[in-house]
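So the structure is just underneath, and the comments pick up after that.
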Amino acid sequence: MKFAYKFQNLLGTVYNQGNILFTPDDNTVLSPVGNRISAFDLKRNKSQTLPVECHKSFTCTALSPNGVILIAVAEDGEALVISLISKTVLHKHRFNRKVYDIQFSPDGSRFAVTFQNDVQLFTAPGQRSVDFNPFHLERVFFGSHDETTCIDWTSDSKCFAVGAKDMNTRVYPVKRCPNLGVYSLGGHSDIVLHCFFAKDSLNLYSLSRSGQLCIWACDTSLADLWVAEENEPEEPEEVPEVDPLSEFPAAKEPRLPVEEKKSNKIAYTKSARHYYRDLTKDHSTLTSACFHKTTKILVAGFSNGSFFLHEMPDFTLIHSLSLGEQSITAAVFNRRGDWLALGTTGLGQLVVWEWQSQCFVLKQQGHYDQLMTLTYSPDGQYLATGGSDGKVKLWNTSSGFCFVTFNEHTASVTALQFTHSGKAVISSSLDGTVRAFDTTRYRNFRTFTSPRPAQFSCLAVDPSGDVVCAGSQDSFELFVWSVQTGRLLEILSGHEAPISGVAFGNAGENQLLVSSSWDQTVRVWDIFKSKSQQESVRVHSEGTHWQGRKSVVVAC
């Protein structure tokens, strides 16, 4: 039997780890979510997860300047070349090593990859029509004594800078340059995590994990950087002409001197040094950074959840804010430089912030721990999820965004169910409470508790929405409450092990309650008439349940 099921979207989390990307039109944010990539359309207010996946979680991504090709690298070094037009995987490549960074050149003709102690330079996919392999290796650049961590290109794509764990930053030319070989910049006391070139310049900014910022000034402009042509022939030696009628050879004409820009080597000087620890006032470390070359704005995120915006090169503080106590693991500006996207792994949070007006364009946060339960609303428009973080979230299935979060539970949420009208969602938790949330006014309007502490593992709501029942996993009892008054109506005993499932069902005109337990029994209760146990069915193993419209199925 074949089904026409097709993957549509991924809900429950919006960011996991790795860097975040803006598309060239600034309308979409690409966020790695585990082994998938989600696209958040800021203009249409919709989210979509690409129908591609990898065996491991993605750690770094790179987007071509035209916004067509996306390269995503996973934890184990597996790289996927993804077309954002067809949303399909075009090619797979295995580095077999962890890749810290991958960057396209501004002209889109090449991309560089950090690989162990080296940097590998590849021709961008689609640039060579005679090669079927999109990963065509041009050159390998050596020189680092430890793993390379970050890459940044100059505006004309002639050079790139590489930071490494050996606390040095190196500048490499893509092609042979007589006045630039490999220039190494030291001065840091910790791992170099980020390096950025200034716009249309060889001036460089380098940031280390300890929060130290070094500003490097170059005495040569990009226009004076001479790139030697490929297979450039050497000038032949001139042979002096001899006059047979004269006993003296002809005088040799003096050769013109080589241009100064071709002979002088470039040089860097450290123009300034700044320390972020003077702003953080603690021992927090740098975790993310981004530099917008047009506006000259530098953002730096730290492990204590704070981030700072400075105007370079004067290091003038513009904003100092915090997103909480969790580390900011990703930061990126859009192309215009007015929006800033921040990602927090510990909270599973993705934020797009307009720093000039100080307002949020997008603020989404998924469950930062395990997702325990979920349920659809009767009309299928909403989806409720509960996690081990104690949060209950409501998601819009058409847009894929979370529009409300309830934080009242203090322990893991174990079960969720909408009422028949869809105006309320009921949740049970290990904190010993069952709560009813209003999906219109977004508030917790009723809290159900037991006379003695109990950890609720399952719940059920009758079709009328007037009665709610929850099963306990420590006292092995069923508790029945009235939704209207919140009063406890009945306590049903009989199971000898944790209750795994409970559901309401119809038997003719009678409304029955069915419960399953780890004691390998299924019990039927008539709580609306006799309020006593009606039947007990022995099964061969532990049971769970699934509730349909007119039946209850127990799986063993």
May I ask you to test the Asp466-Val461 pair for a side-chain heavy-atom distance under 4.5 Å? no
Could you grab the distance from atom CD of Gln370 to atom OG of Ser412, nearest 0.5 Å is fine? 8.0 Å
Under 3.5 Å, is there a donor-acceptor pair between the Thr449 and Thr433 side chains? no
What verdict does the side-chain contact (heavy atoms from CB on, under 4.5 Å) test give for Val425 and Thr419, after you've listed the backbone C-alpha separation in whole Å, the side-chain angles of each residue and the deciding distance to 0.1 Å? CA-CA 6 Å; Val425 59; Thr419 59; over 6 Å; no
Using ring centroids (six-membered ring only for Trp), state whether Trp353 and His319 fall under 6.0 Å. yes
Taken to the nearest 0.5 Å, the spacing of Glu78 CD from His55 NE2 works out to 6.0 Å
Answer yes if the side chains of Asp26 and Thr23 hold a donor-acceptor pair under 3.5 Å, and no otherwise. no
The reported gap from CG in Leu512 to CG in Asp462 (rounded to nearest 0.5 angstrom) is 12.5 Å
Does Arg487 qualify as a cation-pi partner of Phe448, given the criterion of NZ or CZ under 6.0 Å from the six-membered ring centre and within 45 degrees of its axis? no
Any salt bridge linking Asp25 with Arg336? Criterion: basic side-chain nitrogen under 4.0 Å from a carboxylate oxygen. no
Just do the ring pair (Phe, Tyr, Trp, His ring centres under 6.0 Å) check on Phe302 and Phe308 with the steps written out, would you? CA-CA 9 Å; Phe302 289 84; Phe308 303 92; 5.7 Å; yes
Does Lys43 form a salt bridge (charged side-chain N to carboxylate O under 4.0 Å, His left out) with Asp41? I'd like the steps, not just the answer. CA-CA 6 Å; Lys43 187 176 181 180; Asp41 193 332; over 6 Å; no
May I have the step-by-step check of side-chain contact (heavy atoms from CB on, under 4.5 Å) for Asn35 and Lys56, ending in yes or no? CA-CA 6 Å; Asn35 64 341; Lys56 299 288 185 178; over 6 Å; no
So, taking the atom named CD in Gln473 and the one named CD1 in Ile499, what distance separates them when rounded to the nearest 0.5 Å? 10.0 Å
A quick test of your reading: do over 12 heavy atoms of other residues, nucleotides or ligands sit less than 6.0 Å from CZ of Arg44? no
For Thr345 and Thr329, does a side-chain donor sit closer than 3.5 Å to a side-chain acceptor? yes
Under 6.0 Å between ring centres: does that hold for Tyr276 and His310? yes
Is the distance between the ring centroids of Tyr382 and Phe418 less than 6.0 Å? no
For the residue pair Trp481 and Ala470, what are the closest heavy atoms and their distance? CZ3-CB, 3.7 Å
Please report the C-alpha distance between Ser57 and Asn16 in whole Å, then the side-chain angles of each, then the deciding distance to 0.1 Å, and finally whether the side-chain contact (heavy atoms from CB on, under 4.5 Å) criterion is met. CA-CA 8 Å; Ser57 298; Asn16 188 6; 3.9 Å; yes
List the steps and the verdict of side chain to side chain donor-acceptor pair (under 3.5 Å) for His367 and Thr13. CA-CA 6 Å; His367 295 280; Thr13 183; over 6 Å; no
Main-chain N/O of Thr410 paired to Ser429 side chain as donor or acceptor, under 3.5 Å: no
Looking at every heavy atom in both Thr439 and Leu394, which two are closest together, and how far apart are they? CG2-CD1, 3.9 Å
Output yes when a side-chain donor or acceptor of Ser288 lies under 3.5 Å from a complementary backbone atom of Ile328, and no otherwise. yes
Donor on one side chain, acceptor on other, Asp101 and Thr149, under 3.5 Å: no
Gln356 CD: over 12 foreign heavy atoms closer than 6.0 Å: yes
Euclidean distance, Thr397 OG1 relative to Asn9 CG, rounded to 0.5 Å: 9.5 Å
Considering non-hydrogen atoms only, spot the tightest contact between Ser306 and Asn304 and give its length. OG-OD1, 2.7 Å
Side-chain touch Arg523/Val514, heavy atoms, less than 4.5 angstrom: no
CG of Leu309 to CD1 of Ile297: how many Å apart, nearest 0.5 Å? 6.5 Å
For the student: nearest non-hydrogen atoms of Leu63 and Ile69, plus distance: CD1-O, 3.4 Å
Under 6.0 Å between the ring centres of Phe456 and Phe479? yes
Between Gln8 and Gln48, is any side-chain donor less than 3.5 angstrom from a side-chain acceptor? no
Would a 4.5 Å heavy-atom cut-off, applied to side chains only, mark Asn19 and Val332 as touching? no
Between Arg446 and Asp438, does the salt bridge (charged side-chain N to carboxylate O under 4.0 Å, His left out) criterion hold? Intermediate values first, please. CA-CA 9 Å; Arg446 195 78 71 221; Asp438 191 340; over 6 Å; no
What are the two closest non-hydrogen atoms of Phe307 and Gly301, and how far apart are they? CB-CA, 4.0 Å
Taking the six-membered ring for Trp and the full ring for Phe, Tyr or His, determine whether the centres of Phe333 and Phe22 are under 6.0 Å apart. no
Considering residues, nucleotides and ligands other than Glu354, do more than 12 of their heavy atoms fall under 6.0 Å from its CD? yes
Let's go through Tyr15 and Val33 carefully: what are the C-alpha distance in whole Å and the side-chain angles of both, what is the deciding distance for side-chain contact (heavy atoms from CB on, under 4.5 Å) to 0.1 Å, and is it a yes or a no? CA-CA 5 Å; Tyr15 173 75; Val33 184; 5.6 Å; no
Any idea how Phe40 and Phe401 line up, ring-wise: parallel (<30°), tilted (30 to 60°), or perpendicular (>60°)? tilted
Heavy-atom side-chain contact between Ile151 and Thr114 under 4.5 Å: yes
Dump the intermediate steps for side chain to side chain donor-acceptor pair (under 3.5 Å) on Thr49 and Ser38, then the final yes or no. CA-CA 4 Å; Thr49 302; Ser38 295; 3.1 Å; yes
Please lay out, stage by stage, how Glu75 and Gln17 fare under the test side chain to side chain donor-acceptor pair (under 3.5 Å). CA-CA 10 Å; Glu75 294 174 341; Gln17 64 177 344; 2.8 Å; yes
Test log, rule salt bridge (charged side-chain N to carboxylate O under 4.0 Å, His left out), inputs Arg435 and Glu408: CA-CA 8 Å; Arg435 298 179 182 271; Glu408 282 75 10; over 6 Å; no
Sidechain-backbone polar pair: Thr414 side chain, Ser428 backbone, donor-acceptor under 3.5 Å: yes
Nearest heavy-atom approach of Ser517 to His495 is CB-ND1, 3.1 Å
So, do Ser208 and Leu193 sit near enough that their side-chain heavy atoms are less than 4.5 Å apart? no
Decide yes or no on side chain to side chain donor-acceptor pair (under 3.5 Å) for Thr287 and Ser303, but give the supporting numbers first. CA-CA 6 Å; Thr287 53; Ser303 58; over 6 Å; no
Can any side-chain N or O of Thr344 pair as donor or acceptor with the backbone N or O of Leu347 at less than 3.5 Å? no
Residue from Asp369, Thr385, Asn407 passing side chain to side chain donor-acceptor pair (under 3.5 Å) with Lys391: Asn407
Would the number of heavy atoms belonging to other residues, nucleotides or ligands and lying under 6.0 Å from OH of Tyr376 be above 12? no
